[in-house]
*Asks:* 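Before I ask anything, let me first share the structure, which is written out below as structure tokens.
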Amino acid sequence: MPELPEVETIRRGLVEKVIGRTIERVEIRSNRIVLYPKPNQLQEALRHQTIRQISRRGKFLVLDVGDYHLLIHLGMTGQLTYWAQSQEDDNLFFRHPRTGLQKARQHRVDKHTHISLYFTNGEALHYRDIRQFGRWRLYRPEELAMAPEFVKLGPEPFTADYTWKRFLEAFKGRKLRIKSLLLDQRFVAGVGNIYADEALFDSRIHPERKAESLSNDEKRRLFRAIPRVLKRGLKYGGTSFQDYINAEGLAGTNQERLHVYGREGEKCLRCKLSIQRIVVSQRSSHFCPHCQPDNK
DNA sequence: AGTAATCCCTGGCAGC
DNA sequence: TGCTGCCAGGGATTAC
């Protein structure tokens with residue numbers, strides 16, 4: 001599940017590969033992914049455009065292609081990989097015997113590859129998304145700031161937007177559980193299920209605590225933990241728990257460094273007791289009952 | 001208005 | 001072995 005560190009890793013990989021590339025042809029094989037405008041209009045609009053810059057806001061990638069800004073959300077299983085004919089090597093390509101996932105630098109078009117951008121130099125950018133929760137949207141540059149999915153986003157971690165004052169403000173009158181608040185992109189942009197669990201463990205807060213019940217000290221710990229766990233994820237190239245791979249088709253290694261996520265029944269790295277898994281607002285939540293007591 | 005539940009989708013997997 | 005049913009989850013939508 002691509003969250004901020006995964007999307008940022010993909011962005012950095014793409015910057016190395018596709019800046020300056022001109023789109024010759026767009027192939028769309030699924031009608032589910034392109035939300036706006038109509039698929040054939042997007043196809044036409046992107047033709048002959050040159051990729052100038054790639055930025056990120058929360059979990060959204062923004063491809064500046066000149067006349068348009070292409071907004072890409074990877075959903076749950078979205079993958080964006082670069083394909084260069086010159087680098088093709090069959091030894092690097094294989095299908096995982098059980099999961100069928102492609103494990104290679106060079107990803108070929110398969111039944112889950114829903115969109116391909118073919119460049120004038122013969123290379124390509126493939127969008128593959130097994131569960132098809134990802135969405136592409138096209139805006140005029142001046143429309144982007146007012147795009148509905150954009151204006152609602154909360155502060156961007158690692159930037160001046162992320163302030164203690166604004167963080168505190170977001171807690172006022174919020175009776176929902178802290179885990180639910182963390183997953184709300186209006187609270188802090190880019191945090192998803194994995195990093196929410198990690199941040200709560202770092203700050204020693206039970207996922208089911210009511211947001212407004214947190215003490216000032218707990219809020220402070222959480223405020224500091226969020227960028228910390230995201231930075232760690234980024235440092236190790238993202239968390240490849242299921243389908244995430246970077247622009248080169250390679251997995252990250254942060255899954256080896258998670259403290260609680262996916263570690264149900266394993267020992268807490270802090271106190272050695274068993275990590276538990278519960279469901280909070282339809283999402284699995286991993287925590288240590290000893291280090292993160294439900295005390296309020 | 002705030003919060004919770006539902007739905008989308010596919011592959012993996014437990015159970016029979 | 002093959003079938004069935006459930007689970008994973010980001011975010012839009014719907015319900016309360």
*Asks:* Measure the distance from CZ on A:R135 to P on C:dG11 and round it to the nearest whole Å.
*Replies:* 12 Å
*Asks:* Give the nucleotide from the list C:dG11, B:dG2, C:dA12 with an atom nearest to the side chain of A:R174.
*Replies:* B:dG2
*Asks:* Tell me: CZ of A:R137 to P of C:dG11, nearest whole Å?
*Replies:* 10 Å
*Asks:* A:I194 CD1 to C:dG10 P: how many Å, rounded?
*Replies:* 8 Å
*Asks:* Is it true that A:E27 and A:R29 have a side-chain N and a carboxylate O under 4.0 angstrom from each other?
*Replies:* yes
*Asks:* Stepwise, does the ring pair (Phe, Tyr, Trp, His ring centres under 6.0 Å) test hold for A:F171 with A:F223?
*Replies:* CA-CA 12 Å; A:F171 278 85; A:F223 177 73; over 10 Å; no
*Asks:* Report yes or no: is the ring centroid of A:F133 under 5.5 Å from the six-membered base ring centroid of C:dG9, with the two planes under 30 degrees?
*Replies:* no
*Asks:* Between the base of C:dA8 and the side chain of A:R131, is there any donor-acceptor pair under 3.5 Å?
*Replies:* yes
*Asks:* Should A:H112 be listed as having a side-chain N or O under 4.0 Å from OP1 or OP2 of B:dG11?
*Replies:* yes
*Asks:* Counting only side-chain heavy atoms from C-beta out, which of B:dA5, B:dG11, C:dG10 sits nearest to A:Q282?
*Replies:* B:dA5
*Asks:* Rounded to whole Å, how long is the line connecting atom CD of A:Q185 with atom C1' of C:dG9?
*Replies:* 13 Å
*Asks:* Can you tell me how far C1' of C:dG9 sits from CG of A:L182, to the nearest Å?
*Replies:* 16 Å
*Asks:* Tell me whether the side-chain N/O atoms of A:K111 come closer than 4.0 Å to OP1 or OP2 in B:dG11.
*Replies:* yes
*Asks:* Taking only the side-chain heavy atoms of A:R32 (C-beta and beyond), determine which of C:dG9, B:dG11, B:dC9 contains the nearest atom.
*Replies:* B:dC9
*Asks:* Specify the separation, in whole Å, of atom CZ of A:R57 and atom P of C:dG11.
*Replies:* 12 Å
*Asks:* To 10°, what angle do the rotation axes through the five end pairs on each side of the helix from B:dG2-C:dC16 to B:dC16-C:dG2 form?
*Replies:* 50°
*Asks:* Could you tell me whether A:E212 and A:K175 make a salt bridge, using a distance below 4.0 angstrom between a side-chain N and a carboxylate O?
*Replies:* yes
*Asks:* Which part of the nucleic acid, if any, lies within contact of A:G134, taking any heavy atom under 4.0 Å across all strands shown: a base, the sugar-phosphate backbone alone, or nothing?
*Replies:* nothing
*Asks:* What about the rings of A:Y127 and A:W136, do their centers lie closer together than 6.0 Å?
*Replies:* yes
*Asks:* If you look at every strand shown and take non-hydrogen atoms under 4.0 Å, does A:R277 touch a base, only sugar-phosphate, or nothing?
*Replies:* sugar-phosphate
*Asks:* Does A:H73 make a side-chain N or O approach to OP1 or OP2 of C:dG11 shorter than 4.0 Å?
*Replies:* yes
*Asks:* Less than 4.0 angstrom from a charged side-chain N to a carboxylate O is my criterion; do A:R221 and A:D202 meet it?
*Replies:* no
*Asks:* List the residues meeting salt bridge (Lys or Arg N to Asp or Glu O under 4.0 Å) with A:R135, not counting sequence neighbours, and say none if there are none.
*Replies:* none
*Asks:* Could you state the CD1-C1' distance from A:I33 to B:dT10, rounded to the nearest angstrom?
*Replies:* 12 Å
*Asks:* Exactly one of A:R57, A:R137, A:H73 should register a side-chain hydrogen bond (donor to acceptor under 3.5 Å, both in side chains) with A:E149. Which one does?
*Replies:* A:R137
*Asks:* Within the pair A:S284 and C:dG9, is there a side-chain N or O less than 4.0 Å away from OP1 or OP2?
*Replies:* yes
*Asks:* Between C:dA12, C:dG10, C:dA8, which one does the side chain of A:Y261 approach most closely?
*Replies:* C:dA8
*Asks:* Between B:dG11 atom P and A:Q132 atom CD, what is the distance in whole Å?
*Replies:* 9 Å
*Asks:* Both A:R283 and A:S180 contact DNA chain B. Which one's nearest nucleotide lies toward the 5' end?
*Replies:* A:S180
*Asks:* Can a salt bridge be assigned to the pair A:D184 and A:K152 using a cut-off of 4.0 Å between side-chain N and carboxylate O?
*Replies:* no
